[in-house]
Amino acid sequence: MLAAWGLIFGGLFISHFLSSLPDVGNLMVSGPSQDITILDDRGRQIARRGLTQGQMVRAEDLPDYVSNAFIAVEDRRFRHHLGIDPVGLVRAATTNMMAGRVVQGGSTLTQQLAKNLFLSPGRTYERKVQEAMLAMYLESRYSKNQLLTLYLNRVYFGAGVYGIEAAAQKFFGKHASELGLTEAAMIAGSVKAPARYNPIADTDASLTRASIVLRAMQDSGFIDDDTRTMAQATRPRIVHVTGTPGAGWFADWIVSRLSNYIGASAEPIIVETSFDLETQTLAERAVTRGLAGDGEALNAGQAALVAMTPDGAVRAMVGGRSYSASTFNRATDAVRQPGSAFKPFVYLAALEHGHVPDETVNDGPVDINGWKPQDFEGRFSGEMPLIRAFAQSSNSVAAQLTAEVGPKIVARTARRLGIASPLAEVSSLALGTSGVTPLELTGAYAPFANGGIGVEPFGILRIRTKAGKLLYQRTPPGSDAVMSANDNIQMTRLMMETLSTGTGKAGRLEDRDTAGKTGTTQDFRDAWFVGFTADMVTGVWIGNDNNAPMVKATGGGLPARIFKNFMTNAGQGLPPRPLVGTTLVASAEQVVAQDAPEPEEKPKKPDAFQRILNGLFGG
């Protein structure tokens, strides 16, 4: 009677359990995964993203030693049990009892598969019972080769990859079917502790673990002693990414923009970029040294640096102090007030409305509808040339110019040069009170460096499949001028003067023309330096993520020094070239000299110079 009732209740329990089991009918379908390899401008791999699970491969299509490596080290009786292994459980229990702690597990490959597919990682008796019943359920639905296929394609191997195909490509740059014995042993060995034993994390630890796998294979009769000895003497070539520690910020930016160029692709793709590893190394070093030297004293916790060529090709991108500590990209995503680094757009608008660098302006008290901007040092300097007002970063003069031409015109000028963030069209816009990102501000300075042509910062040059099919090819856009050549000349003068006699003297390079502008916001919450040579445009920002004030940190201090450190090293080996604006000035002066009449009839040079410029550049 008791036996009968036991069977009835047991049957009801099992029926209820079976009815609640998950659907296992589609387990053989490969999960979606996009494999993205990112290369720098010389074809060197800087990152590999999206490869989380490779295409599903069948166990029978792999060399026998690949499957045997897993069986030997994880479940020697895999071919003989029905999902749980009583012999293995007794052996593990005995070993653990003798050791006084858990040193050996009794789970089978099928139990591990059930856990990975359906169960939480918690160690409870209930979960172990579910694991055992699911394992037997899987054994009743799939053959041993199918279960092994599922296991090999779903297990985690470390470094962000699941499945043996993804692991083989990530660690060794080859397909799983091409793995050698030692490589197979290293991959099988990583299952025990993926973060510790995967070949990329610690090659020596991975090889040591592989030796244990090879010994287990010999003990199981899968290989002989000579084969084991030869395999242990082999050191496979590990595929290491050549990118710098901080190249991840640029790689993240590239991946985030891929959908603008191509749709979702199941094929592995290769993205060729404008990035340069050596330039990135110099950028990271300049930021690290700058923050290490003065960051604590200034209470500056973070920094960002963007470097691009004058046509907008991004060469280096540092999004913070440490990518491993914070992947947030302050170069592309942090919207901060630019302060006086916004003033070039104010002065360009003023030049376009008739002002000239040598005219006299008054740096004095001003009241604009109750707004009374103060200069940085709290005192005014009186009358001075416009070029000096720019170099000394006069808030009063910038406010007067903005009031004269109108905040709407200033905002329109900034947008024309590349500022995409919302700009409040109010008087205080003159002092950079509307937030921008370091990337867009640096890109908006590029026209000053290239002769007045608008640019959109870019990093992607070409996208192709691994098989060679071209998916995208960058075509240089048309040359749309965003300022006249004459205004470009005058703005170059203003920004060179800033580095010669003004607030940006600390950023001036010794061996080549340099121009730029400093920026410091209220309460020292942000400090900027954006500058350029004929070859590179670079923006530097320092501040704190929580917007906490720094200790009297100005754009002419640490940001300017980071800029100079980076630009000096990045320019090594490049011949000094004059800035485009200074070249235009020289060309115009040569034309004046060639076309001048005889001395007795020669008019005053300023009139002739202005006439030639008007004729050459349209006013």
Side-chain angles (χ1 to χ4, degrees), residues 48 54 57-80 85 87-88 91-92 95-96 98-99 102-109 112 144-145 148-149 151-242:
R48 193 171 185 184
V57 293
R58 299 191 308 167
E60 52 266 39
D61 293 334
L62 300 173
D64 290 341
Y65 52 74
V66 174
S67 298
N68 291 339
F70 288 87
I71 292 173
V73 74
E74 294 293 330
D75 184 5
R76 295 186 187 182
R77 292 173 50 79
F78 173 72
R79 297 287 183 185
H80 309 290
D85 182 14
V87 176
R91 181 178 63 248
T95 302
N96 294 337
M98 294 178 63
V102 178
V103 296
Q104 188 177 109
S107 295
T108 63
L109 283 180
Q112 293 180 42
K144 288 292 185 179
N145 276 342
L148 195 56
T149 294
Y151 179 84
L152 293 176
N153 285 278
R154 299 301 179 95
V155 71
Y156 181 59
F157 291 104
V161 295
Y162 293 80
I164 193 166
E165 177 67 17
Q169 292 192 39
K170 179 84 170 183
F171 303 147
F172 305 111
K174 59 178 64 175
H175 294 293
S177 59
E178 301 170 334
L179 289 171
L181 175 57
T182 309
E183 294 166 338
M186 293 175 75
I187 290 180
S190 68
V191 174
K192 180 177 177 66
R196 177 182 178 187
Y197 290 129
N198 82 75
I200 290 178
D202 189 333
T203 303
D204 291 335
S206 179
L207 284 168
T208 300
R209 176 67 181 162
S211 297
I212 297 174
V213 176
L214 292 169
R215 175 68 69 179
M217 292 180 72
Q218 181 183 352
D219 293 342
S220 301
F222 293 131
I223 58 175
D224 57 28
D225 184 65
D226 291 340
T227 303
R228 178 188 62 79
T229 302
M230 290 180 61
Q232 286 186 194
T234 302
R235 190 180 182 91
R237 184 182 69 86
I238 310 299
V239 175
H240 288 285
V241 173
T242 54

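Source: prediction; values computed, not measured.
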* To do: Check I238 against P199 and note the closest heavy-atom contact, atom names and distance.
  => CD1-CB, 3.8 Å

* Asked: With side chains defined as the heavy atoms from C-beta onward, is the minimum distance between T149 and E60 less than 4.5 Å?
  -> yes

* Short question: side chain of R76, backbone of A72 - any donor-acceptor pair under 3.5 Å? -> yes

* Assess whether side-chain contact (heavy atoms from CB on, under 4.5 Å) is satisfied between V191 and V73, documenting all intermediate values. => CA-CA 10 Å; V191 174; V73 74; over 6 Å; no

* Asked: Could you state the interatomic distance from CG (L181) to OG1 (T227), rounded to the nearest 0.5 Å?
  -> 7.5 Å

* To do: Can you tell me which residue pairs pass the side chain to side chain donor-acceptor pair (under 3.5 Å) test with a partner in residues 201-212, sequence neighbours excluded?
  => D204-R235

* If the plane angle is over 60° it's perpendicular, under 30° parallel, otherwise tilted; pick one for F70 and F157. => perpendicular

* Asked: Just by distance, do the side chain of K174 and the backbone of L179 share a donor-acceptor pair under 3.5 Å?
  -> no

* Quick one: pull up CG in L207 and CD in Q232 and give me the separation to the nearest 0.5 Å. => 10.0 Å

* side-chain contact (heavy atoms from CB on, under 4.5 Å) between Q112 and V155, intermediate numbers included -> CA-CA 9 Å; Q112 293 180 42; V155 71; 5.5 Å; no

* To do: Could you walk me through whether V57 and L152 pass side-chain contact (heavy atoms from CB on, under 4.5 Å), step by step?
  => CA-CA 8 Å; V57 293; L152 293 176; 5.9 Å; no

* **For the student: nearest non-hydrogen atoms of P63 and A176, plus distance** => CD-O, 4.3 Å

* **Main-chain N/O of Y197 paired to S190 side chain as donor or acceptor, under 3.5 Å** => no

